[in-house]
Amino acid sequence: MKIFYNLLAKNVIVLGVCVFSFTSCFNDEKKEVSKNEIIEHKIDSLLKLMTLEEKIGQMTQVRHFYDIKDGDVASKFIGSVIHTDGPTPGVTAEEWQSKFTKLQKEALSTRLGIPLLFGVDAVHGQNTFEGSTIFPHNIGLGATHNAKLVEEVAKITALESQATGFNWVFSPCVAIPYNEQWGRVYEAFSESTELTVELTRASIKGHQGDLSNNSTVMATAKHFVGDGATNKGIEGGDTSISLKEVSEKLLDPYREAVNNGVGAVMASFNMFEGVPMHAHKTMLTDTLKLGMNFDGIVVSDWKGYSRFGEYKIINAGIDMVMAVDGDLDFFQNGLKNAVDSLLVSNERIDDAVKRILRQKFRLGLFENPFPDASFIKKIGSEAHREIAKQAVRESLVLLKNEEEILPIKKKTKKIVVVGEHANNSGLQSGGWTISWQGKPENYNGATTILDGIKESAEGIVVYDKDATGKHFDADVAIIVVGETPYAEFFGDINGENSYKLTLTKAHQKYIKTYKEKGVKVVTVLISGRPLVVTNELEVSNAFIASWLPGSEGNGIAEVLFGDYNFKGKLPHSWPKSVEDYKGKYGPNFWDNSIKPLFPFGYGLTYKQ
Ligand code: BGC
């Protein structure tokens with residue numbers, strides 16, 4: 001029976017396409033049938049065969065663990081599987097691919113044989129797989145102001161994601177952070193809408209390329225809209241700016257993404273005009289889908305169905321639901337009941353399913369549903385790491401260089417490298433690295449900042465983890481300090497935690513200890529946002545904002561020792577005091593009474 005239906009489905013599609021091609025080819029205008037027209041025809045043919053359960057299944061996204069048990073992909077007609085924090089599909093990439101191949105076969109065994117989309121939070125490289133190339137977080141890419149490079153980074157991320165079994169990434173985050181207290185500032189490129197638009201275009205092009213090529217993936221512009229503009233930077237809080245400001249400052253990156261064919265847009269956790277974004281029909285349907293002509297998938301964020309209004313989010317315009325953490329049956333049964341009781345129309349369901357099928361056809365998944373084993377050898381390859389290293393070098397922003405202490409001479413007799421951040425690839429990479437919130441632990445394939453310094457320096461290099469080593473005879477101290485890894489929610493800084501806007505007392509002491517003994521101090525700041533470091537800047541002889549560089553820590557030394565010049569320019573204006581955070585509310589919003597310590601775009605270079 002299954003085989004019969006499969007054949008039937010496929011023949012209806014083939015027949016439909018032939019008939020369509022025939023009439024089109026012989027009409028008066030001799031119009032050629034476009035790829036898109038063929039896809040639309042296939043979608044319509046397939047949709048006609050689908051039951052309501054199959055349609056709701058397509059609208060469902062689950063994790064490959066916890067949410068489902070064996071057989072669920074087929075019996076619940078699941079449309080998409082994600083991997084994020086939690087048990088990995090295996091250790092090696094072969095194991096990851098084989099786990100997803102198994103699930104894909106299960107999906108293909110259903111009577112209509114619709115392939116799965118496999119999505120992953122690959123937000124700075126395929127950062128969920130240990131051994132992949134991990135790039136600087138987007139804030140660092142923003143500092144490069146280099147669209148060509150961002151495109152290259154996205155291309156590699158796509159390939160390494162495909163190599164581990166994914167055809168969809170939940171990236172790029174195109175938010176405009178209004179407030180550094182938000183724990184996701186680093187996931188976004190910049191506070192500047194213009195720069196974000198430019199880098200969004202590059203990122204979408206790099207990820208998606210020619211979508212039907214199996215080395216590219218579907219990208220997601222997230223989180224629509226106002227995620228970075230909540231009051232006090234609270235994740236999922238209230239975005240209380242006006243619609244006019246949303247239109248002027250926040251929508252352009254999405255428009256750019258849509259114009260460049262982005263396959264998905266993720267709804268955001270925040271409220272706007274008193275309504276959760278997931279349930280905000282005017283924004284999701286009228287503005288994004290109709291206003292921008294977006295024909296792709298609007299995907300919910302985590303547990304969006306139970307959190308933000310159940311079937312109402314479907315009516316507002318959500319097409320696919322992240323039905324995780326106990327939401328699977330609740331969503332599928334709930335939506336079925338809502339359709340049966342006419343709370344959700346069949347037209348809305350059909351529109352959602354069409355959008356999902358459209359992307360599956362565009363990705364060529366019906367012809368090419370499985371991951372390509374030949375890509376595995378490219379994960380973390382030399383060539384990929386070279387690009388990541390270039391991104392690290394170009395992301396570094398030189399904020400101070402007193403008496404041209406930099407570049408450090410390679411022949412310097414003794415260099416002391418201070419701070420746990422200097423010798424820990426987990427610390428230098430931030431959140432969304434191997435695990436969701438990141439970890440202060442080394443991971444495979446990465447080089448640390450200290451590794452790089454040792455490679456470049458020709459004199460003695462000693463390491464002093466916590467500035468107790470008393471290497472006061474050193475000619476230079478390279479002091480690496482900054483934030484410990486965090487991601488969404490955990491990275492928010494609220495009023496009581498405002499000390500986090502500055503360096504910890506311990507880190508302040510590292511700098512002081514060496515400075516007071518007359519050693520020249522070069523401070524390297526690792527952070528996901530500008531911090532208030534006015535005093536430390538004052539004390540240091542040189543100061544570098546290096547953001548969250550990722551796996552290629554050795555890129556930093558190449559610039560410190562003068563093999564390359566500094567190129568990075570600030571993607572955010574830089575606050576002078578903790579008080580400034582209260583005044584800064586919006587991009588380029590330093591009102592006249594508050595002057596940033598450094599403006600957007602600031603960055604020194606070595607004299608040529
Ligand atoms: C985040 C998204 C992410 C999703 C899937 C959510 O909590 O807000 O950015 O893509 O989880 O892991």
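One-based numbering, in listed order, for ligands and for the atoms of each.
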Note: ligand 1 atoms sitting under 4.0 Å from heavy atoms of Phe170 are 10 (O)

Numbered in order shown, the ligand 1 atoms found under 4.0 Å of a heavy atom of Lys222 are 2 (C), 3 (C), 9 (O), 10 (O)

**salt_bridge(Arg529, Glu483) N-O dist < 4.0 Å** = yes

A student checking ligand 1 against Met266 at a 4.0 Å heavy-atom cut-off should list atoms 2 (C), 10 (O)

### Query
Does even one non-hydrogen atom of Phe269 get within less than 4.0 Å of ligand 1?
yes

**Prompt:** Are Asp325 and Arg63 close enough for a salt bridge, meaning some N to O gap below 4.0 Å?
**Reply:** yes

Closest to atom 9 (O) of ligand 1 among protein heavy atoms sits His223 NE2, 2.7 Å

protein heavy-atom neighbour closest to atom 6 (C) of ligand 1 works out as Asp301 OD1, 2.8 Å

Any donor and acceptor pair, going by atom type alone, linking the side chain of Glu160 with main-chain N or O of Gln162 inside 3.5 Å? no

| query | Is there a nitrogen or oxygen of Glu488 sitting under 3.5 Å from a nitrogen or oxygen of ligand 1? | reply | yes

- Within a strict 4.5 Å, meaning less than it, do heavy atoms of the Asp295 and Arg362 side chains meet? yes

Atoms of ligand 1 under 4.0 Å from any heavy atom of Thr84, numbered from 1 in the order shown, are 12 (O)

Arg358 with Asp319: basic N within carboxylate O range, under 4.0 Å:
no

The atoms of ligand 1 lying under 4.0 Å from a heavy atom of Arg184, numbered in the order shown, are 1 (C), 2 (C), 8 (O), 9 (O)

Ligand 1 atoms nearer than 4.0 angstrom to some heavy atom of Met322 are 4 (C), 5 (C)

Check the side chains of Glu180 and His572 for a donor-acceptor pair under 3.5 angstrom, ignoring hydrogens and angles.
yes

Closest heavy-atom pair, Val217 versus Leu211, reported as atoms and distance to 0.1 Å, is O-CD2, 3.6 Å

In this structure, atom 10 (O) of ligand 1 is nearest to the protein heavy atom Asp121 OD1, 2.6 Å

- Message: Trp302 versus ligand 1: do any nitrogen or oxygen atoms come within less than 3.5 Å of each other?
- Response: no

Could you tell me whether Asp350 and Lys354 have a side-chain N and a carboxylate O separated by less than 4.0 Å? no

